[in-house]
Amino acid sequence: RFLSPEWKKQMGMSDPVKLKEGMIVPPGRCDGPLDILIETVDFLNNADFSKRRIGEHGSMFRTNIGARPTIVIHGPEANEFVMQTEEKKFEWKRGWPPTFPELLGTEGLIFTDGEKHEILRRLLLPAFKGPALEFYFEKIRDITDKYLARWEGYYQGSEIQFLQESKRLTFEVAAALMLGYNSSKPGAEEEINDLSEKFGVLADGLISPFAMTIGDFPGSPWRNVLNARDSLLQHIEDTIVERLGNDDDEIDIVVNRHHADAAATTGGGSAAAGAAVAGSGSAEPASSSSSSSSPSSSSENDPFYNTAAYGRDLLGLMMASRDDEGLGFSVEQLTAQILPLMFGGHETTSVLLCTAIMAVSTYPEIMEKALEEQRRLVAENGGDNAVTMDQLENMPYMEAVLYEAMRLYPPASYSFRYITEDTKFKNYDLPAGYWVWVSIVEGHLDPSVFKNPNKFDPERFLDGRDEREASRFAFIPFGAGPRKCIGAALSLMEAKTVMASLLAKVLMGYGAGPGPVIHAAALWAPEGWLQGHQLQSARLACYTGTPVIM
């Protein structure tokens, strides 16, 4: 089985690429009989893989991860070359590890390329900017307050695994903003716990190629992952049908909609997406009898006024989209968008929160500056410590802390692409058929851009010193160019809300007695910063009652 062409195709494997005469490729281990095994095992087991290979071969090197001949590059010039200047020569869909398209499908925004991606992005963008963010803020703050109260109530001697807790928090936020999850309805807590647990199984499966390698059979790890994914997809589909209510005509439009030219497009999605965009700006929902909520007003500042019949969230926005014939997305297409967006919408933010907590609890001077900024905002708000949307726009130091956390601990370590057309970069050939990985980690540690790059120093992002000014492609925690993460502003807003709310608790001296221990697991630690040792903070003890343990 492991040698069959079908299995190799499923795993996204490739035979060695035959180089054209005269081609000069970067040095590295790629073509030898044991290179696949050596490189793959080393990559999966060592966070400093790229750093060591750069030391051996230089800033560009070849490797072979999982039978995928790969060229790894980094730095502002490489980022701009792959993500903008020549981005049409690098395919996004085939660049991902095989578990991602297998589990999340290939029709979602994050897996599409070219015109299809542009159409979908235009459709979804209103749900991730401007008025929509203001609309989301109160939901984010309410969910944050719920979790802060829960942490405060944990008994003495208990432990909080903060990475797990932050994933639960950000998943609940994603469910509320994308699927309209309502924590006040009966059984809501059990429902979100069940969904969050299944999403955790799915997320583990995405980064576990060995589970996919072993295969799908009763009781296998991969079968468990597939079952979790199927349960999540079914929940999304049930939510869609529930919102449509009993309007048979409307269900027929959404469930059975097929364009004649859809078969000519990859996966049948492009034509549908284009049709949906055509009416997304002004078309009223076809049915108001299935309304799950009513718009409070017809204000132009209400981003969900025309979607209220289907829900004031991302799903409602998509369900309300219609073309000139009154046709919209099918249930399958709606589901294909929601699941990967939910993954991207909570996984990266949870890692950011964890690393930001690590930073402020590790360095007393950073904690004090962050607290001083919050004291100023509370004073300006008449002593009220409740975080407001206006305050989020006036937190330059907190924003700098989050940026610095993302620089040293980028939520995604690499950006993956598949080379579709021969090209050149820095005197080396990048042959079609290779994969190219942009190392975000190594780019963020480039001493030519960031002074003393292993030091945690938020002030490198403040006015008067902002080191990003050297190149707009130097700092790319959310990617860059046309593929920049559509939810970047939402993720940053959510992280600022949680951090500001937590620091407000510190200022008020909540939980001064003994309380729980918080563990914030690190993915990796740059040399000279955390160095993997146990860290404590007396300051956050004001809130938790005991030192915060990393």
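We find the CZ-CG distance between Phe450 and Leu408 to be 9.5 Å, quoted to the nearest 0.5 Å. Here CD of Glu399 is found 13.0 Å from CE of Met499. Values are rounded to the nearest 0.5 Å. For the atom pair CG (Asp457) and CG (Leu462), the distance works out to 8.5 Å, reported to the nearest 0.5 Å. One distance of note links CZ of Arg121 with OG1 of Thr112; it measures 10.0 Å at 0.5 Å rounding. Rounding to the nearest 0.5 Å places CG of Leu492 at 11.0 Å from CE of Met398. Put simply, CD1 on Ile486 and CG on Leu125 are 5.0 Å apart, with the number rounded to the nearest 0.5 Å.
Side chain of Thr63 to main chain of Thr70: no donor-acceptor pair is present (N/O by atom type, distance under 3.5 Å, no hydrogens or angles). At distances below 3.5 Å, not a single donor-acceptor pair connects side-chain atoms of Lys198 with backbone N or O atoms of Leu232. Without hydrogens or angle criteria, Arg460 side chain to Glu404 main chain gives no donor-acceptor distance under 3.5 Å. In this structure, the side chain of Asp48 does not engage the main chain of Lys51 through any donor-acceptor pair within 3.5 Å. In this structure, the side chain of Glu172 does not engage the main chain of Thr144 through any donor-acceptor pair within 3.5 Å.
Taking a 6.0 Å sphere around CG of Asn45, one finds it holds more than 12 heavy atoms contributed by other residues, nucleotides or ligands. Counting heavy-atom neighbours within 6.0 Å of Lys484 NZ, excluding the residue itself, gives a total of 12 or less. In this structure, Glu77 places its CD atom where only 12 or fewer heavy-atom neighbours from other residues, nucleotides or ligands lie under 6.0 Å away. Annotation: Glu197, atom CD; neighbour count of heavy atoms from other residues, nucleotides and ligands within 6.0 Å does not exceed 12. Atom NZ of Lys88 has 12 or fewer heavy atoms from other residues, nucleotides or ligands within 6.0 Å.
Partners of Glu39 under the salt bridge (charged side-chain N to carboxylate O under 4.0 Å, His left out) rule, at least two apart in sequence or in another chain, are Arg29, Arg53. Under the ring-ring contact (aromatic ring centres under 6.0 Å, His included) criterion, Phe111 pairs with Trp96, not counting sequence neighbours. Tyr434 pairs by the ring-ring contact (aromatic ring centres under 6.0 Å, His included) definition with nothing, not counting sequence neighbours. Listed by chain and number, the residues in a ring-ring contact (aromatic ring centres under 6.0 Å, His included) with Phe128 amount to none (sequence neighbours excluded).
Residue Pro69 comes nearest to Cys30 through the heavy atom pair CB-SG, 3.8 Å, listed as atom of the first residue, atom of the second, then distance. Closest approach of Pro76 and Val449 over heavy atoms only: CG-CG2, 3.8 Å. Across all non-hydrogen atoms, the minimal contact from Ala175 to Ile192 is CB-CD1, 3.9 Å. Closest approach of Gly95 to Arg68, counting heavy atoms only: O-NH1, 3.5 Å.
A donor atom on one side chain and an acceptor atom on the other are not found under 3.5 Å apart for Glu372 and Tyr397.
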| request: Would you check, one step at a time, whether the test side chain to side chain contact (heavy atoms under 4.5 Å, CB included) holds for Lys496 with Gln391? | output: CA-CA 10 Å; Lys496 287 166 75 172; Gln391 287 177 342; over 6 Å; no

| task | Report the C-alpha distance between Leu490 and Leu177 in whole Å, list the side-chain angles of each, state the deciding distance to 0.1 Å, and finish with yes or no for side chain to side chain contact (heavy atoms under 4.5 Å, CB included). | result | CA-CA 10 Å; Leu490 175 58; Leu177 305 189; 3.9 Å; yes

| Run the side chain to side chain contact (heavy atoms under 4.5 Å, CB included) check on Thr99 and Ile207 step by step: do they pass? | CA-CA 7 Å; Thr99 52; Ile207 58 173; over 6 Å; no

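A ring-centre distance under 6.0 Å is found for Phe475 and Phe461. A ring-centre distance under 6.0 Å is found for Phe43 and Trp437.
With contacts defined as side-chain heavy-atom distances shorter than 4.5 Å, the pair Leu124/Leu341 qualifies. The closest side-chain heavy-atom distance from Val438 to Tyr414 is not below 4.5 Å. Using a 4.5 Å heavy-atom cutoff, the side chains of Tyr418 and Asp113 are not in contact. Looking at heavy atoms from C-beta onward, Tyr136 lies out of side-chain contact with Glu494 at the 4.5 angstrom threshold. Side-chain contact between Phe425 and Val82: absent, with no pair of heavy atoms (C-beta onward) separated by less than 4.5 Å. Residues Arg483 and His117 are in side-chain contact: their nearest non-hydrogen atoms beyond the backbone lie under 4.5 Å apart. Using a 4.5 Å heavy-atom threshold, the side chains of Pro396 and Asp463 count as separate. Counting only heavy atoms from C-beta outward, the side chains of Met83 and Arg417 approach each other to under 4.5 Å.
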Pair up each side-chain donor or acceptor in residues 343-351 with any protein partner under 3.5 Å, not counting sequence neighbours, and list the distances.
unit_1 : atom_1 : unit_2 : atom_2 : d
His346 : ND1    : Met342 : O      : 3.2
Glu347 : OE2    : Lys167 : NZ     : 3.1
Thr348 : OG1    : Gly344 : O      : 3.1
Thr349 : OG1    : Ser491 : OG     : 2.8
Ser350 : OG     : His346 : O      : 3.3
Ser350 : OG     : Glu347 : O      : 2.7

Exercise answer: donor-acceptor pairs, residues 439-446 side-chain atoms, under 3.5 Å, sequence neighbours excluded:
unit_1 : atom_1 : unit_2 : atom_2 : d
Ser439 : OG     : Glu442 : N      : 3.3
His444 : ND1    : Arg407 : O      : 3.0
His444 : NE2    : Ile476 : N      : 3.0
Asp446 : OD1    : Ser448 : N      : 2.9
Asp446 : OD1    : Ser448 : OG     : 2.7
Asp446 : OD2    : Ser448 : OG     : 3.2

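A ring pair (Phe, Tyr, Trp, His ring centres under 6.0 Å) with Phe171 is found for exactly one of Tyr181, Tyr147, Phe199, namely Phe199.
Between Asp313 and Lys139, no side-chain nitrogen of the basic residue sits less than 4.0 Å from a carboxylate oxygen of the acidic one, so the salt-bridge criterion is not met. A salt bridge does not link Arg465 to Glu459: none of the charged nitrogens lies less than 4.0 Å from a carboxylate oxygen. Checked for salt-bridge contact, Glu373 and Lys369 miss the test: no charged N lies under 4.0 Å from a carboxylate O.
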